[in-house]
There are 2 protein chains.
Amino acid sequence: MREGPDIARIASLVGDPARANMLSALMGGTALTASELALEAGVSLPTASSHLSKLMEGGLLTLASQGRHRYYGLAGPQVAGMIEAITGVAEAVGPKRVRPGPRDAAMRVARVCYDHLAGEQAVAMLDRLVEKDILLRDDNEIRLGPSAASHFAAIGIDVDARPRRPVCRACLDWSVRRSHLAGTLGAAILDKILAEKWARREKDSRAVIFSPPGKAAFERVFLA
Amino acid sequence: MREGPDIARIASLVGDPARANMLSALMGGTALTASELALEAGVSLPTASSHLSKLMEGGLLTLASQGRHRYYGLAGPQVAGMIEAITGVAEAVGPKRVRPGPRDAAMRVARVCYDHLAGEQAVAMLDRLVEKDILLRDDNEIRLGPSAASHFAAIGIDVDARPRRPVCRACLDWSVRRSHLAGTLGAAILDKILAEKWARREKDSRAVIFSPPGKAAFERVFLA
DNA sequence: GGGATGCTTCGACAAGGATCAAACTATGCG
DNA sequence: CGCATAGTTTGATCCTTGTCGAAGCATCCC
């Protein structure tokens, strides 16, 4: 018999369809209320509430009360990474759709992963940043290269002013099956993409749609 | 309601304690028989068999029949990565022991991961072997370098005479969160460590305790 | 062939847990 | 204060699923 971290407990929390849907919905990065999550999961409000308290107790969610609204969000990037990993396996072993829908295709190109960018574009970006030695990659650990501070400062991102979370993190991409950039730097880059209106978020989806000029700008800055 | 990959299905497969124990047992990369897995999970053989067929149907395992033995193994590195991610979350949110016991500390330094060494020592060893180009690492794939055969022959390990399983494999370490060496070579190295009495196994635990001279010898051979 | 071993299937049972309606608490608004 | 909205708790129902004993296949060894 094995001892050690109770992985069955965590996995079974994700293993209920209603809870899985809630967690997927929260992968968009924005915190949601209990009723929104109930709708998202397709269950009644009491049922949703019960699930949410279980997820809270399991440490997978955080709660921010604002008046009579209670906003639930993912507990952190590690939880988001786990959901991505599970999604990847589900995608790989799941029934192959004969024809992936258009939204599906957009998701593969670029999507939000908790608070940063994922998908082909994101994987390409990390590759390029490592290739240019702006970031230094060692296994799953990513560090800033010597030129990182000045490089990101030039595009308005201050890599020093973000103390709490790790600046860089590798996050496995379920569609490409390689790593993309997470951490505060990943979050800051997504912020910039949206702030500059290079891309917009698809309503009710994690897909991120680049406009043609936005795509060009993004590639000039990050893939050049 | 969400559509997309059925993550609840996959997570619920991992979400049963018996199945979770089986999957943890398979994280070493060694394929195991149904009876071994039943023992590992602490359930009867019929129960184990039922779980195994579910895991197979879910695409999480592969099966290799050899005569009347049927060896179950993880379906691939992606599945292993998912287990690792779940383990990481479980570790993070799990009950914080007020004071990690001495055995816990020992486990972090060195432990058995089915048939090879894991923990800080093992991660350091793989790093060093790659640094010296004895092993060639490419993301999660590890191959023998040109000098590998002679290097290991010098310490009594024949890297050629082990056909069945892959010689090298990266195995993610849950305590260090980086890779260590699995595969037949990893197994052979652990054998040597125990045969030379550099270390002993703690009773009823996975911890591996080095004696002071044993530690020095290990470091001389593998970390120099 | 016959017996032993490894494993799966069948059948029955028990337990856990997901679900919702209804009642209850809390916050906001006028 | 009174009413509306957001959310949780309680209780009852029902169904899924994990569990093991016994029997059934398959493979190996003598």
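Because the structure is a prediction, the values reported are computed rather than measured. Reminder, nothing fancy here: chain letters follow the sequence lines and each chain counts from 1. Side chains are part of it too, since the values below use all heavy atoms of this structure and drop only hydrogens, waters and symmetry mates.
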What is the distance, rounded to the nearest whole Å, between atom [atom1] of [X] and atom [atom2] of [N]?
X: A/M22; N: C/dT19; atom1: CE; atom2: P; value: 9 Å
X: B/L52; N: D/dT19; atom1: CG; atom2: C1'; value: 15 Å
X: A/L13; N: C/dG17; atom1: CG; atom2: P; value: 10 Å
X: A/L39; N: D/dA6; atom1: CG; atom2: P; value: 13 Å
X: B/Y71; N: C/dG6; atom1: OH; atom2: P; value: 11 Å
X: B/L32; N: C/dG6; atom1: CG; atom2: C1'; value: 15 Å
X: A/E57; N: C/dG17; atom1: CD; atom2: P; value: 11 Å
X: A/L45; N: D/dA4; atom1: CG; atom2: C1'; value: 15 Å

Review point. Are any of the side-chain heavy atoms of B/I193 and B/F210 separated by less than 4.5 Å?
Key: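 Yes - at least one pair of side-chain heavy atoms lies under 4.5 Å apart.
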
Check your understanding: With a 4.0 Å cut-off on heavy atoms, is B/S53 in touch with a base, just the backbone sugar-phosphate, or nothing at all?
Key ->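 Counting heavy atoms under 4.0 Å across all strands, no contact is made by B/S53.
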
Review point. Can you tell me if NZ on A/K192 sees more than 12 non-hydrogen neighbours from other groups inside 6.0 Å?
Key: yes

Practice item. Please say whether more than 12 non-hydrogen atoms of neighbouring residues, nucleotides or ligands are located less than 6.0 Å from CD in A/E57. Key: no

Point to revise | side-chain hydrogen bond (donor to acceptor under 3.5 Å, both in side chains) assessment of A/S50 paired with A/T47 | key: CA-CA 5 Å; A/S50 151; A/T47 303; over 6 Å; no

Ignoring backbone atoms, test whether [X] places a side-chain nitrogen or oxygen under 4.0 Å from the OP1 or OP2 oxygen of [N].
X: B/H51; N: D/dT19; value: yes
X: B/T47; N: D/dT19; value: no
X: A/S49; N: D/dT8; value: yes
X: A/R70; N: C/dT27; value: no
X: B/R19; N: D/dG18; value: yes
X: A/Y72; N: D/dT8; value: yes
X: B/K54; N: D/dG18; value: yes

Exercise for review: Return yes if some donor-acceptor pair links the side-chain N/O of A/R19 with the main-chain N/O of A/S12 below 3.5 Å, else return no.
Suggested key: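 Confirmed, A/R19 side chain pairs with A/S12 backbone.
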
Name the closest nucleotide to the [X] side chain, picking from [options].
X: B/S35; options: D/dT8, C/dC7, D/dC20; value: C/dC7
X: A/S44; options: C/dT19, D/dG7, C/dC20; value: C/dC20
X: A/A34; options: C/dT8, D/dT8, D/dT19; value: D/dT8

